[in-house]
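Take a look at the structure set out below.
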There are 2 protein chains.
Amino acid sequence: MATIAVENYLKHVLLLSEGADDLVPMGELAAALDVVPGTATTMVKALAAEGLVSHRPRYGVRLTAEGRRVALGVLRRHRLIETFLVEVLKMDWTEVHAEAELLEHAISDAVLDRLDALLGHPATDPHGDPIPTRQGKLDSQVYATLATCVLAKPLRIVRITEQSGEFLQFAEERGLRPGASVRVADRNLAAGLLTLKMSGARTVAVSLAAAGSILVAPAD
Amino acid sequence: MATIAVENYLKHVLLLSEGADDLVPMGELAAALDVVPGTATTMVKALAAEGLVSHRPRYGVRLTAEGRRVALGVLRRHRLIETFLVEVLKMDWTEVHAEAELLEHAISDAVLDRLDALLGHPATDPHGDPIPTRQGKLDSQVYATLATCVLAKPLRIVRITEQSGEFLQFAEERGLRPGASVRVADRNLAAGLLTLKMSGARTVAVSLAAAGSILVAPAD
DNA sequence: GGATTTATTTTGACTAATCAAAATAGCGCC
DNA sequence: GGCGCTATTTTGATTAGTCAAAATAAATCC
Ligand SMILES: [Mn+2]
Ligand SMILES: [Mn+2]
Ligand SMILES: [Mn+2]
Ligand SMILES: [Mn+2]
């Protein structure tokens, strides 16, 4: 059985290799897991011996097919649990990530299937993150971000990729949540600042960094 | 923070000291936790150093006030989770114990409070086991068992103390679940066998050992 | 009361996961 | 083409939890 630590390593390798299906550098993995780099190296070598990742020393890690299978399972649990906490227990979508971080390692397939059915087999979690299917399919649709999208056109927020509670509260207070309508009125690269128009003519200022973690699609 | 192992040790000391508030012998604790006796000794000495139990070497363990507080928290989580799994997710009451065994260590107070409210602050779990309150009160009402109660009188099953899935399925198949009506038609100590009359004149045979883990109250 | 049985404790060893700090290997730079 | 910066790996040590097997204490039995 995969231990909690193993599950966390695999999940983070998966998350860090999103988009760039390149090797994940050790330093990034260590930072994501909040361990020192040496610890990550040791662990990754063990995972490689188990056949869960392949390790190019000095360059980085990548999931094997088996490692990816395990990681997708963890991610599915994580995101279904977040959805449950918001939809059924009515918790705040800005605070459920930390809860799911622990529960994702404790919930069985039997319970997960019931949860999934109760929620009506949702495709995304409260942050707009796609939920892997039971068969291990993960929607990898690419969206523009507020940092890269066209100006002035009406858009819909589809996903917020940053997970930290403070960030999400900042976003929530400004109406920046999945499903919300938004328009980029101005984007000043030099100043690193964007001006957004929300529904109801509300004006909101966000940093370029923040804008990069807010994914949008054309409002149709 | 208490680790998962620490929480399990404390919870089992609590369960094994139910009724007899005597010392819990090491052997019993080790067996309940499925570890060798030496492991239990080592761990108990560490818990004693933390002030969570008091250890009389060669005689047994007892919870301190602080250890009891922690143990009651774990037990509350366990029993509320079982109730949730049955009431909300419609799982079988004979299989939820194993699920709760893991989840009890992963759920936060914030989530637990929501669950408790959703369930309407239940007093007992699906097995009839009392749920400790948030303030740490545990109902300790003493009931007769089918092994010790009066013969012939109409009774109501209030609680089944044995947790194993096989046992509970055996009970379920015979209608022996909390709330059910029952009468002890015959009890033969020498043969170790009881004959029960269930509602609808159904006759059921159970061993004396099984009868001892089925608690009853007069039907009123 | 001494020998035997049984429960408990001790000892020595192991695994998983981690950190601090020293060693090393790529890489860009002049 | 060597020098130094930076990321990574190695080394040595630590903590939590466990087991196997030897040692010991308590209870039991003539
Ligand atoms: Mn996690
Ligand atoms: Mn999410
Ligand atoms: Mn447990
Ligand atoms: Mn129960």
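Below, chains carry the letters A, B, ... as their sequence lines are ordered, and counting in each starts from 1.
- At a threshold of 4.5 Å between non-hydrogen side-chain atoms, the residues A:Leu52 and A:Leu10 count as touching.
- Residue pairs that meet the side chain to side chain donor-acceptor pair (under 3.5 Å) test with at least one member in residues 80-97 of chain B, sequence neighbours left out, are B:His78-B:Glu82, B:His78-B:His97, B:Glu82-B:His97, B:Glu82-B:His127, B:Asp92-B:Thr94, B:Trp93-B:Glu172, B:His97-B:Glu101, B:His97-B:Gln163.
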For nucleotides 8-24 of chain D, 5' to 3', base contacts (B), sugar-phosphate-only contacts (S) and non-contacts (-) with protein non-hydrogen atoms under 4.0 Å give BBB------SBBS---B
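- Contacts with DNA chain D (heavy atom under 4.0 Å) in residues 102-109 of chain A: none are found.
- Spacing between atom CE of A:Met1 and atom P of C:dA17 amounts to 14 Å, rounded to whole angstrom units.
- With hydrogens and angles disregarded, no donor-acceptor distance shorter than 3.5 Å links the side chain of B:Arg187 to the backbone of B:Gly192.
- Here side chain to side chain donor-acceptor pair (under 3.5 Å) pairs that include residues 45-61 of chain A, with residues two or more places apart or in two chains, number zero.
- Considering only heavy atoms from C-beta on, B:Leu118 comes within 4.5 Å of A:Val88 through its side chain.
- Sorted pairs that involve residues 25-43 of chain B and meet side chain to side chain donor-acceptor pair (under 3.5 Å), not counting sequence neighbours, are lacking altogether.
- Residues B:Leu119 and B:Phe84 have side chains in contact (heavy-atom distance under 4.5 Å, counting atoms from C-beta outward).
- For the side chain to side chain donor-acceptor pair (under 3.5 Å) condition, the pairs that include at least one residue of residues 64-76 of chain A, sequence neighbours left out, are A:Glu66-A:Arg69, A:Arg76-A:Asp116.
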